[in-house]
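Working notes for the structure below.
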Amino acid sequence: MHMRDQDITMGIGLVLLSVMGVGFSIQLPNDDFGLSPGFYPTFLFACLGVCGLILVWQGWRRSEKVPLPSFLNKRLLTIIVLLFSYIFLLQLIHFRAATFLFVLFTMYFLGTRKPVLLILVPASSTFIIYWLFVYVFKTAIV
């Protein structure tokens with residue numbers, strides 16, 4: 001598959017994923033206070049759809065056909081495994097602990113070896129995400 005074709009195919013895939021995600025997100029219940037729990041996922045899926053449309057448009061405009069390396073490589077598969085592990089961990093342990101571990105292992109896998117970064121980035125990311133959802137979006141995180 002060439003770059004042009006791959007851009008168009010991936011863009012269409014992102015748009016379809018976006019449509020499905022928006023469909024599920026708008027079905028979330030509305031709260032009487034603050035933003036609806038579905039607001040943030042709906043917004044993110046809509047942004048994903050816009051990015052997919054841009055990718056389709058760029059692929060359509062591209063004239064050269066340059067082969068790309070295989071889409072499924074070890075790095076991508078490892079990130080997918082980490083993501084599914086994170087989803088599984090959310091069922092077993094608290095959001096903050098699962099998020100900290102997910103960010104820590106992902107950073108380590110991607111090459112970060114400085115202990116200060118391996119502690120500060122997961123801790124601050126977890127704090128910011130938790131704070132946003134609990135205090136800004138007024139969503140209960142278990």
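The model shown is predicted, which means the values in this text are computed figures rather than measured ones. No hydrogens, no waters, no symmetry mates; every other heavy atom, side chains included, goes into these values.
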Partners passing side-chain contact (heavy atoms from CB on, under 4.5 Å) against [X] (at least two apart in sequence or in another chain):
{"X": "Tyr135", "value": "Trp131"}
{"X": "Val134", "value": "Tyr130, Ile141"}
{"X": "Phe109", "value": "Arg75, Thr78, Ile79, Leu82"}
{"X": "Leu89", "value": "Ile93, Ala98, Leu101"}

(request) Go through Leu77 and Val81 one step at a time and tell me if the side-chain contact (heavy atoms from CB on, under 4.5 Å) criterion holds. (result) CA-CA 6 Å; Leu77 290 175; Val81 167; 5.6 Å; no

Joint cluster assignment, [X] & [Y], ILVMFWY side-chain distance < 4.5 Å:
{"X": "Ile26", "Y": "Phe24", "result": "no"}
{"X": "Phe102", "Y": "Met107", "result": "yes"}
{"X": "Val56", "Y": "Val50", "result": "no"}

(request) Report the distance from atom CZ of Phe105 to atom CZ of Phe100, rounding to the nearest 0.5 Å. (result) 9.5 Å

(request) Drop me the distance from Thr112's OG1 to Leu104's CG, to the nearest 0.5 angstrom. (result) 9.5 Å

(request) Each residue besides Trp57 in its hydrophobic cluster should be listed here, by chain and number; the cluster joins Ile, Leu, Val, Met, Phe, Trp and Tyr at side-chain heavy-atom distances under 4.5 Å. (result) none

Could you list the donor-acceptor pairs under 3.5 angstrom formed between side-chain atoms of residues 114-124 and any protein atom two or more places apart in sequence or on another chain?
| unit_1 | atom_1 | unit_2 | atom_2 | d |
| --- | --- | --- | --- | --- |
| Ser124 | OG | Leu120 | O | 2.8 |
| Ser124 | OG | Val121 | O | 3.2 |

(message) For Leu92 versus Phe88, what's the shortest heavy-atom pair and its separation?
(response) CD1-CE2, 3.3 Å

Could you give the side-chain donor-acceptor pairs of residues 13-22 under 3.5 Å, partners two or more places apart or in another chain?
| unit_1 | atom_1 | unit_2 | atom_2 | d |
| --- | --- | --- | --- | --- |
| Ser18 | OG | Phe45 | O | 2.5 |
| Ser18 | OG | Gly49 | N | 3.3 |

(message) In the structure I gave you, are the side-chain heavy atoms of Leu44 and Leu48 within less than 4.5 Å of one another anywhere?
(response) no

(request) Just jot down the side chain to side chain donor-acceptor pair (under 3.5 Å) partners of Tyr86, sequence neighbours excluded, or say none. (result) Thr99

